[in-house]
2 protein chains.
Amino acid sequence: MNTVFKALNDPTRRKILELLQERDMTAGEIVEHFNISGPSISHHLDLLKQANLVFSEKDGQYVYYSLNITVVDEIVKWFMQFKLKKK
Amino acid sequence: MNTVFKALNDPTRRKILELLQERDMTAGEIVEHFNISGPSISHHLDLLKQANLVFSEKDGQYVYYSLNITVVDEIVKWFMQFKLKKK
DNA sequence: ATAGTATTTAGATATTTGTCTAAATATTTA
DNA sequence: TAAATATTTAGACAAATATCTAAATACTAT
């Protein structure tokens with residue numbers, strides 16, 4: 001849970017999630033959407049992976065990134081405790 | 001949204017939210033739940049307030065803190081985009 | 001008014017974080 | 001095999017963050 005909130009605490013990483021929500025992309029394609037160096041984006045992708053928010057799959061010289069929605073369930077569940085218990 | 005994710009990116013602050021979900025508390029009561037100095041907790045409460053995650057109300061020499069759930073709606077909505085659009 | 005309690009503000013410090021460039025690794029193509 | 005392309009790793013650095021102690025502010029009670 002720590003890694004998830006950490007991963008979400010950056011506008012660039014949240015934007016990456018929104019991009020991947022449209023379609024899967026290679027690291028390079030993701031880089032093109034930002035004015036940030038490749039290595040920096042690579043680092044962001046690593047943090048998203050550590051948080052289990054994205055998958056990565058190598059295909060030749062490319063690496064495809066895609067969303068992993070299963071963790072979103074956990075987060076929403078965490079927030080729901082605040083909605084529910086307040087009467 | 002930035003301030004919200006920032007506020008959530010700390011275990012102490014998330015614990016404070018969970019405490020307040022049980023009942024409203026004074027700053028001092030909150031401090032008792034942690035091995036962290038009063039000023040540090042005060043700073044955490046300030047960040048939670050900036051994110052509109054908590055209210056504070058002064059009553060005599062005490063300051064009562066309570067949850068503000070309205071922001072939770074926005075966050076859940078943000079996460080829902082990932083649940084919905086993936087077909 | 002003085003002393004005591006509750007909380008916040010100020011300032012300092014060590015750690016974490018986001019970014020960069022340069023270099024390394026992996027793959028494709030000429 | 002050599003050159004080109006895609007991506008990650010390594011190392012450096014400035015900015016942000018969590019924490020502390022000391023001091024300031026605000027209120028209560030003797």
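The structure presented is a predicted model; accordingly, all values stated were derived computationally and were not measured. All chains are named by letter (A, B, ...) in the order of the sequence lines, taking the proteins before the strands, and each is independently numbered beginning at 1.
Regarding contacts with the backbone of dC20(C), a side-chain N or O of Ser40(A) is found under 4.0 angstrom from either OP1 or OP2. The side chain of Lys58(A) places no N or O atom within less than 4.0 Å of a non-bridging phosphate oxygen (OP1 or OP2) of dT7(D). Taking 4.0 angstrom as the limit, Thr26(B) places none of its side-chain polar atoms (N or O) nearer than this to OP1 or OP2 of dA6(C). The shortest distance between the side-chain N/O atoms of His44(A) and the OP1/OP2 oxygens of dT17(C) is not below 4.0 Å. When the side-chain nitrogen and oxygen atoms of Thr12(A) are compared with OP1 and OP2 of dG18(C), none of them lie within a distance under 4.0 Å.
Ranking dA6(D), dT8(D), dT8(C) by closeness to the Tyr62(A) side chain, first place goes to dA6(D). Comparing dA6(D), dT7(C), dT21(D) by their closest approach to the side chain of Ser37(B) singles out dT21(D). If you check dA26(C), dG18(C), dT8(D) against the side chain of Val63(A), the one that comes closest is dT8(D). The side chain of Arg13(B) approaches dA18(D) more closely than any other nucleotide in the set dT9(C), dT19(C), dA18(D). Comparing dT19(D), dT9(D), dC20(C) against the side chain of Ser42(A) picks out dT9(D) as the nearest. The nucleotide whose nearest atom lies closest to any side-chain atom of Ala27(A) is, among dT8(D), dC27(D), dT19(C), dT8(D).
If you check every strand for non-hydrogen atoms under 4.0 Å, Asp46(B) touches nothing. Tyr64(A) comes within 4.0 angstrom of no nucleic acid atom, judged by non-hydrogen atoms across all strands. Within 4.0 Å of His43(A), counting heavy atoms only, lies at least one base atom of the nucleic acid. Counting non-hydrogen atoms under 4.0 angstrom, Leu47(A) reaches the backbone sugars and phosphates but no base.
In this entry the distance linking CD1 of Ile41(A) with C1' of dC20(C) reads 13 Å, nearest Å. Distance CG (Asn2(B)) to C1' (dT17(D)): 15 Å, rounded to an integer number of Å. Between the CE atom of Met25(B) and the C1' atom of dT7(C) there is a distance of 17 Å, given to the nearest Å. In this structure, CD of Gln50(A) is placed 11 Å from P of dG18(C), rounded to the nearest angstrom. The interatomic distance linking Ile36(A) (CD1) with dC20(C) (C1') rounds to 11 Å, in whole Å. Between Phe5(B) atom CZ and dT17(C) atom P the separation is 17 Å, expressed in whole Å. When the C1' atom of dT8(C) is taken as reference, atom CG of Leu48(B) falls 15 Å away, rounded to whole Å. The CG-C1' distance, from Asp10(A) to dG18(C), rounds to 7 Å in whole Å.
In terms of heavy-atom proximity, Val71(B) sits nearest to Asn52(B) at CG2-O, 3.0 Å.
Annotation: the span from His33(A) atom NE2 to Glu18(A) atom CD amounts to 12.0 Å, rounded to 0.5 Å. Taken to the nearest 0.5 Å, the CZ atom of Phe34(A) stands 8.0 Å off from the NE2 atom of His44(A).
Donor-acceptor pairing under 3.5 Å, judged by distance alone, is present between the side chain of Gln61(B) and the base of dT5(C).
Ile41(A) and Leu19(A) fall within a single hydrophobic cluster, where Ile, Leu, Val, Met, Phe, Trp and Tyr are joined by side-chain heavy atoms under 4.5 Å apart, directly or via other members. Note on Val76(A): it clusters hydrophobically with Leu17(B), by side-chain heavy-atom contacts below 4.5 Å among ILVMFWY residues.
Using the six-membered ring where Trp is involved, Phe5(B) and Trp78(B) have ring planes that are perpendicular, over 60° apart on the 30 and 60° scheme.
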